[in-house]
2 protein chains.
Amino acid sequence: MTSTAEAPRPPGRPRSVRAAEAIIEATLDLLAEGSTIEAISVEAIAARAGVGKATIYRRWPGKDALLHDALRTLKGSPPQPAGRSVREDLITLVGAIGHNVDPRAAKIMPCLVPEVKRNPEHYALYQSIVEPRRAVLREVLRRGIRDGELRADLDIEVTMAMLTGPMLIQRVMNWNPDLDVTTLPARVVDQVLTGIRAG
Amino acid sequence: MTSTAEAPRPPGRPRSVRAAEAIIEATLDLLAEGSTIEAISVEAIAARAGVGKATIYRRWPGKDALLHDALRTLKGSPPQPAGRSVREDLITLVGAIGHNVDPRAAKIMPCLVPEVKRNPEHYALYQSIVEPRRAVLREVLRRGIRDGELRADLDIEVTMAMLTGPMLIQRVMNWNPDLDVTTLPARVVDQVLTGIRAG
DNA sequence: ACGATACGAAACAGTTCCGTATCGTTAATG
DNA sequence: CATTAACGATACGGAACTGTTTCGTATCGT
């Protein structure tokens, strides 16, 4: 489409790449500072980006499209575990939850929650971010079963939720103020491995 | 203070109890329908409650105070497990997550998430709701340890997060579309009890 | 140099909201 | 019946936001 291969060379001044980047950056900054996704204003974005509102509306049809594009840049790619031991890989993956390429991602996530419930398009975007990471985690568990490190009758999907859930609620809503996020991954993985039933 | 004991019998028409209730109900209804906590308008609340705006401002100094009071009514009291077996109690408690007295609570929760991160007062309210439930869960685990049903060296706080996290992320953000919320409590509890390590 | 277009800034009209004020009406008390 | 205050309804000023348009300027290809 608008690839580098065949550019019809449109006349006139080309659109500034810097402006587009500044707009996206400003949007993410404002979200990271705590603005709700629907409380954020195009004017605030323009002001923060040092850009006229017209420049924004020249590129996106409206606020929703801009937000969608901005959030898409947070996507990144899921981490690839080292593959030495299941325990080590799980700790890596659990520790990476909410730790996307962009450090603002962790702060932005809570603001997304209501929108994800309301807007199917945003939910699809959310799933497109989360699913690849789930896939990596799933593969580690499957490998563990194949190698005999993990029980063969393990409930994979539930185990993933058990590994992900604690980290997510802690990062997103600080569910338990007494739990330290930095030590949580190892503690969760170890407890999940061992189980809690006596002897 | 304003107890029933000594009422100075203020003159004039007394405030309608029905109006106050209608206002709270309307607020919760609107929240449950998906309005973000800061996108909700006093005018909408008044209209929904069939009440003049002045009637609201006569009782609450502003929108924040009204919302705070409305959310406080969702508090309820934590469920009391039967106490027959640890497994049974855990399933009961995990199943009750996000299942407050008010059925609207589950729908309102996601809208709260961003606010809880931003407003310390809302975070305090949130903790005052969650902490008692954590306490009940903690007690069940302690009892299990005392009775020898659970390992003595168990990481209690992490185990609580492992039990709560999956249910919460599933209810609040539908984290994994393939996980059924109704069967989840038993599956989580069983997997947490057993552990995933082979042997 | 020239046309074409994007640029930042600013103004625009149309909404929406908050919090207050002012209606005439209604419900309790004395 | 007179007093008092809350009632629903409505209007208000001030502020904020949206989306569009118009400036004069800057920057491209030709």
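Just so you know, these numbers use all the heavy atoms, side chains as well, and skip hydrogens, waters and symmetry mates. Not measured: the values here are computed from a predicted model. Just so it is clear: chains get the letters A, B, ... in the order the sequence lines come, proteins before strands, and each one is counted from 1.
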Reading 5' to 3' and counting Watson-Crick or G-U wobble pairs with both distances under 3.5 Å, write the dot-bracket notation for DNA chain D, | for bases paired outside the strand. ||||||||||||||||||||||||||||||
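Between the CZ atom of B:Arg48 and the C1' atom of D:dG8 there is a distance of 18 Å, rounded to whole Å. Atom pair B:Arg18:CZ and D:dG8:C1' shows a separation of 14 Å (rounding to whole Å applied). In this structure, CG of A:Asp64 is placed 14 Å from C1' of D:dG19, rounded to the nearest angstrom. Atom CD1 in B:Ile56 sits roughly 11 Å away from atom P in D:dC7 (whole-Å rounding). Atom CG of A:Leu67 and atom C1' of D:dT18 are 14 Å apart (whole Å).
With sequence neighbours left out, the side-chain hydrogen bond (donor to acceptor under 3.5 Å, both in side chains) criterion links B:Arg133 to no other residue. Every side chain to side chain contact (heavy atoms under 4.5 Å, CB included) that A:Val51 has, sequence neighbours left out, goes to A:Ala19, A:Ile23, A:Ala49, A:Thr55, A:Ile56. Checked against salt bridge (charged side-chain N to carboxylate O under 4.0 Å, His left out), A:Arg151 has the following partners two or more places apart in sequence or in another chain: A:Asp153. Applying the salt bridge (charged side-chain N to carboxylate O under 4.0 Å, His left out) rule to A:Asp64 yields no partners; only residues at least two apart in sequence or on another chain are considered. Shown here are the salt bridge (charged side-chain N to carboxylate O under 4.0 Å, His left out) partners of B:Arg187, two or more places apart in sequence or in another chain: A:Asp155.
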Which letter, B, S or -, goes with each nucleotide of nucleotides 8-18 of chain C from 5' to 3', with contact meaning a protein heavy atom under 4.0 Å? SB-------BB
Could you walk me through whether B:Val181 and B:Arg171 satisfy the side-chain contact (heavy atoms from CB on, under 4.5 Å) test, starting with their C-alpha distance in whole Å, then the side-chain angles of each, then the deciding distance to 0.1 Å, before giving a yes or no? CA-CA 7 Å; B:Val181 181; B:Arg171 267 217 209 284; 3.5 Å; yes
side-chain contact (heavy atoms from CB on, under 4.5 Å) between A:Glu33 and A:Lys107: does it pass, once the steps are laid out? CA-CA 8 Å; A:Glu33 282 169 18; A:Lys107 297 191 174 185; over 6 Å; no
Using nucleotides 24-27 of chain C, report all nitrogen or oxygen pairs with the protein that are shorter than 3.5 Å.
residue : atom : partner : partner atom : Å
C:dT26  : O2   : B:Arg13 : NH1          : 3.0

N/O donor-acceptor pairs under 3.5 Å from side chains in residues 66-74 of chain B, not counting sequence neighbours:
residue : atom : partner : partner atom : Å
B:Asp69 : OD1  : B:Arg72 : NH2          : 3.0
B:Asp69 : OD2  : B:Trp60 : NE1          : 3.0
B:Thr73 : OG1  : B:Ala70 : O            : 2.6

For residues 136-148 of chain B, please give each side-chain donor-acceptor pair under 3.5 Å, one per line with the distance, not counting sequence neighbours.
residue  : atom : partner  : partner atom : Å
B:Arg138 : NE   : B:Glu157 : OE2          : 2.9
B:Arg143 : NH1  : B:Asp89  : OD2          : 3.0
B:Arg143 : NH2  : B:Asp89  : OD2          : 3.0

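Side-chain contact check for B:Tyr126 versus B:Glu115: every heavy-atom pair is 4.5 Å or farther apart.
A heavy atom closer than 4.0 Å to some atom of DNA chain D occurs in no member of residues 23-37 of chain A.
The side chain to side chain donor-acceptor pair (under 3.5 Å) pairs that include a residue from residues 14-27 of chain B are B:Glu25-B:Arg104, where partners are two or more places apart or lie in different chains.
The residues A:Arg197 and B:Glu149 are annotated as not salt-bridged, no charged nitrogen and carboxylate oxygen being separated by less than 4.0 angstrom.
In this structure a side-chain-to-backbone donor-acceptor pair under 3.5 Å is present from A:Lys63 to A:Ile40.
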